[in-house]
Amino acid sequence: MGKLVIVGTVAFDAIETPFGKTDKILGGAATFIGLSASQFDIDSAIVSIVGDDLPKEYLNFLSNKNIDISGIEIVKNGKTFFWSGKYHNDMNTRDTLVTELNTLADFNPVVPKNYCDAEFVMLGNLHPMVQLSVLNQMTTKPKLVILDTMNFWMDSALDDLHKVIKRIDVITINDEEARQLTGEYSLVVAARKIHEMGPKFVVIKKGEHGALLFHDDNIFYAPALPLEEVFDPTGAGDTFAGGFAGYIAKTGDISFENMKNAIIYGSTLASFCVEKFGTERMKNLTHDEVNKRLLQFKKLTQFEIELT
């Protein structure tokens with residue numbers, strides 16, 4: 001079992017969906033990634049920045065999940081990153097109402113010394129130069145570096161994004177972002193072009209339609225579990241990434257075959273995340289619940305076919 005460094009936001013979210021709305025609650029990419037990865041009882045640390053307005057109970061909550069929080073910088077009299085959004089009735093589209101960078105605007109990540117030799121690094125969605133600075137702090141080359149990014153950085157920091165993409169092993173982006181990054185509509189062609197940029201593995205998320213994993217000429221597709229109700233999609237993609245990274249860190253196996261399992265674990269954990277607002281569903285999620293849903297996944301995807 002290897003160490004996992006998680007870089008990303010610990011933040012306040014305020015969310016409105018057709019099912020209700022919240023005031024400021026705990027959110028952020030690193031939060032969702034960390035909670036998801038904690039299902040695998042691994043040695044993980046979050047590197048982030050917050051203001052002293054973030055309740056201590058939120059940090060204690062992460063710490064109680066056996067996540068090392070020594071890499072979370074707390075800025076005195078600072079304000080924590082805040083995002084507010086409203087989802088439309090289809091739950092696939094949303095409007096960003098408020099984005100306040102606050103302390104995140106001056107974030108210079110510092111990886112705790114005892115994690116600079118981590119075998120696994122999960123670079124959550126942040127400015128590419130912040131992601132690069134983390135890689136530059138690693139004292140040994142990680143066994144696997146996973147990158148999440150978004151179209152905002154493709155619009156505003158494309159050259160920097162290409163620099164970090166050259167140095168990673170796995171990229172996780174959605175279908176729209178894959179098309180924007182490559183200028184290709186076909187996801188198969190887009191994945192091939194992204195391979196040429198550096199990553200050995202390309203994960204393309206398709207929301208409620210599952211995820212695709214590409215490696216050389218190999219393709220694996222995992223559906224999303226059909227759910228009766230999606231309550232709040234916020235953090236689902238990060239929860240997927242956390243499950244993926246956590247499983248890989250637990251097993252230490254970076255083969256294409258094992259990444260198939262990681263994709264299924266990531267999809268399974270994401271299916272829990274959307275059932276309640278924010279991190280609420282992930283708080284007390286048990287291994288038994290996860291295993292039961294994994295069996296549902298197995299039934300959904302396995303069948304015998306008779307050739308005629």
Side-chain angles (χ1 to χ4, degrees), residues 5-16 21-35 45-59 61-62 67 69-87 93-112 121-137 147-165 172-174 176-177 180-181 232-239 241-242 277-279:
V5 170
I6 299 160
V7 188
T9 52
V10 175
F12 286 124
D13 287 343
I15 302 154
E16 184 175 347
K21 61 191 297 188
T22 71
D23 292 323
K24 283 186 176 180
I25 58 174
L26 177 62
T31 301
F32 285 105
I33 293 167
L35 289 175
I46 287 177
V47 178
S48 191
I49 189 169
V50 297
D52 60 5
D53 59 338
L54 190 82
K56 283 187 179 172
E57 67 193 71
Y58 286 171
L59 295 174
F61 165 52
L62 295 173
I67 302 167
I69 59 170
S70 62
I72 300 178
E73 180 186 351
I74 303 171
V75 179
K76 193 175 180 182
N77 300 321
K79 284 188 168 185
T80 301
F81 175 71
F82 172 58
W83 176 85
S84 175
K86 180 177 181 178
Y87 287 88
T93 52
R94 70 185 184 192
D95 298 322
T96 292
L97 305 178
V98 180
T99 302
E100 296 175 2
L101 290 177
N102 299 328
T103 53
L104 192 65
D106 301 310
F107 181 34
N108 291 306
V110 178
V111 179
V121 177
M122 176 70 228
L123 300 172
N125 179 22
L126 286 168
H127 194 291
M129 293 310 290
V130 173
Q131 295 172 324
L132 266 178
S133 77
V134 169
L135 292 183
N136 291 337
Q137 291 176 56
L147 171 83
D148 189 22
T149 190
M150 67 183 296
N151 46 17
F152 177 79
W153 305 119
M154 296 172 200
D155 291 332
S156 62
L158 186 60
D159 288 345
D160 293 334
L161 181 58
H162 276 295
K163 286 175 191 170
V164 72
I165 285 176
T172 69
I173 53 178
N174 68 31
E176 176 193 347
E177 292 156 353
Q180 179 173 342
L181 184 60
D232 172 20
T234 311
D238 295 313
T239 302
F277 274 122
T279 61

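Throughout, residue positions are numbered sequentially from 1 according to the sequence presented.
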According to side chain to side chain donor-acceptor pair (under 3.5 Å), who are the partners of [X], at least two apart in sequence or on a separate chain?
X   : result
N77 : none
T96 : W83
D95 : H88

Do the side chains of [Y] and [X] get nearer than 4.5 Å, heavy atoms only?
X    : Y   : result
P55  : F12 : yes
D13  : L26 : no
L101 : F81 : yes

(request) Apply the test side chain to side chain donor-acceptor pair (under 3.5 Å) to residues Y87 and T234: give CA-CA distance (whole Å), side-chain angles for both, the deciding distance (0.1 Å), then the verdict. (result) CA-CA 9 Å; Y87 287 88; T234 311; 2.8 Å; yes
Partner residues of [X] under the side-chain contact (heavy atoms from CB on, under 4.5 Å) criterion, sequence neighbours left out:
X    : answer
Q180 : N151, M154, D155
K21  : E16
I74  : V50, D52, L59
P112 : V47, S70, N114, Y115

For the atom pair [atom1] ([X]) and [atom2] ([Y]), what is the distance rounded to the nearest 0.5 Å?
X   : Y    : atom1 : atom2 : value
L35 : I46  : CG    : CD1   : 7.0 Å
F61 : T31  : CZ    : OG1   : 8.5 Å
S48 : L104 : OG    : CG    : 7.0 Å

(request) Hey, could you give me each pair passing side chain to side chain donor-acceptor pair (under 3.5 Å) that has a residue in residues 121-133? Not counting sequence neighbours. (result) N125-W153
(message) I need the full list of side chain to side chain donor-acceptor pair (under 3.5 Å) pairs touching residues 99-112, with sequence neighbours left out, sorted by first then second residue.
(response) none
(request) Report the C-alpha separation of L161 and T149 in whole Å, then their side-chain angles, then the decisive distance to 0.1 Å, and conclude whether the side chain to side chain contact (heavy atoms under 4.5 Å, CB included) test is met. (result) CA-CA 9 Å; L161 181 58; T149 190; 3.6 Å; yes
(message) Taking A14's backbone N and O only, do any of them form a donor-acceptor pair with T22's side chain (distance below 3.5 Å, no angle check)?
(response) no
(message) I'd like to check the salt bridge (Lys or Arg N to Asp or Glu O under 4.0 Å) partners of D232; sequence neighbours left out, ordered by chain and number.
(response) none
(message) Going by salt bridge (Lys or Arg N to Asp or Glu O under 4.0 Å), name the residues that satisfy it together with D53, two or more places apart in sequence or in a different chain.
(response) none
(request) With sequence neighbours left out, write down each residue that passes ring pair (Phe, Tyr, Trp, His ring centres under 6.0 Å) with F277, or none if nothing qualifies. (result) F231
(message) For K86, is the NZ atom crowded, meaning more than 12 foreign heavy atoms sit under 6.0 Å from it?
(response) no
(request) Answer yes or no: does atom CG of D159 have more than 12 heavy-atom neighbours from other residues, nucleotides or ligands under 6.0 Å? (result) no
(request) Any chance you could lay out the side chain to side chain contact (heavy atoms under 4.5 Å, CB included) test for D238 and D148, step after step, and finish with the verdict? (result) CA-CA 8 Å; D238 295 313; D148 189 22; 3.6 Å; yes
(message) Set out, in order, the CA-CA distance, both residues' side-chain angles and the distance that settles side chain to side chain contact (heavy atoms under 4.5 Å, CB included) for L181 and L158, then state yes or no.
(response) CA-CA 9 Å; L181 184 60; L158 186 60; 4.1 Å; yes
(message) Is there a side chain to side chain contact (heavy atoms under 4.5 Å, CB included) between V5 and L123? Walk through the geometry before answering.
(response) CA-CA 8 Å; V5 170; L123 300 172; over 6 Å; no
